[in-house]
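In this text the structure is predicted, and so the values were computed from the model without any measurement.
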Amino acid sequence: IGSNAFFNSPAGIATDQNGGIYLVDTQNSTIRKITPDGVVTTVAGLNGVAGLKDGTGTEAWFNKPRDLALDSTGMNIYVADTGNAAIRKIDLSTGAVTTLTITTSSGSNSSSSSSSSSSSFGGSSNSSSSVGDGGAPSTWFVAVTVMMMAFRRKRLLR
């Protein structure tokens, strides 16, 4: 915490309305916050543990997150968790981390993820049984990542 905090490949950055800075600490698989006073805390993730696990604070695991964005309310962070090929949501009021589930709207019986959740984008899955093992990102992952980058750029230009 504070001046004793160390980072390992910090990336994606966003600021809140109070001057707080959120960033992904990629190689530590954590999401960090720096207050205007310079105090550094871990918002979510367990330092040095890579995996896919929903939970609260250090009970949630990430795998090499690369970018993040705050929503317009400033109450939720969306994280591009690249090692898991997933978009994760952190509710800042509770600290709860959930994995968003993407489903298609077509009536076809195409294959879907192993999650039992059938909610559309914005829903969550509490399953922690599967861990992504890399590979090429899917089309939806690239599309959502591009949207996050555009949202972040728009906020920076204000």
Open item on the list: Working note: Thr42 + Asn47, criterion side chain to side chain contact (heavy atoms under 4.5 Å, CB included); need CA distance, chi angles, decisive distance, verdict.
Closed with: CA-CA 9 Å; Thr42 300; Asn47 187 26; over 6 Å; no
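- Every residue was checked against the salt bridge (Lys or Arg N to Asp or Glu O under 4.0 Å) condition with Lys64, not counting sequence neighbours, and none meets it.
- Shown here are the side chain to side chain contact (heavy atoms under 4.5 Å, CB included) partners of Asp91, two or more places apart in sequence or in another chain: Asn76, Ser93, Thr94.
- In this structure Leu92 satisfies the side chain to side chain contact (heavy atoms under 4.5 Å, CB included) test together with Tyr22, Val43, Leu70, Ile77, Ile90, sequence neighbours excluded.
- Tracing side-chain contacts under 4.5 Å through hydrophobic residues (I, L, V, M, F, W, Y), one reaches Val40 starting from Ile21; they form part of the same cluster.
- When side chains are defined from C-beta on, Phe62 counts as touching Val97, because their heavy atoms get closer than 4.5 Å.
- The closest side-chain heavy-atom distance from Lys33 to Asp16 is below 4.5 Å.
- Here the shortest heavy-atom pairing between Gly51 and Asn84 reads O-ND2, 3.0 Å.
- Checking Asp71 against Thr73 by side-chain atom types alone, a donor-acceptor pair falls below 3.5 Å.
- The side-chain heavy atoms of Val24 and Asp67, taken from C-beta on, include no pair separated by under 4.5 Å.
- Between Ser29 and Asn63, the shortest heavy-atom contact is OG-CA, 3.8 Å.
- Of all non-hydrogen atoms in Asn28 and Phe7, the two that sit nearest each other are ND2-C, 4.1 Å.
- Contact record, Thr26 with Ala11: OG1-CB, 3.7 Å, taken as the closest heavy-atom pair.
- Counting only N and O atoms by type, the side chains of Thr98 and Asp54 include no donor and acceptor under 3.5 Å apart.
- From Arg32, atom CZ reaches atom CZ of Phe6 across 10.5 Å, with rounding to the nearest 0.5 Å.
- Put simply, OG1 on Thr82 and CD1 on Ile87 are 9.5 Å apart, with the number rounded to the nearest 0.5 Å.
- In this structure, Leu52 and Thr99 have side chains that are in contact, with non-hydrogen atoms separated by less than 4.5 Å.
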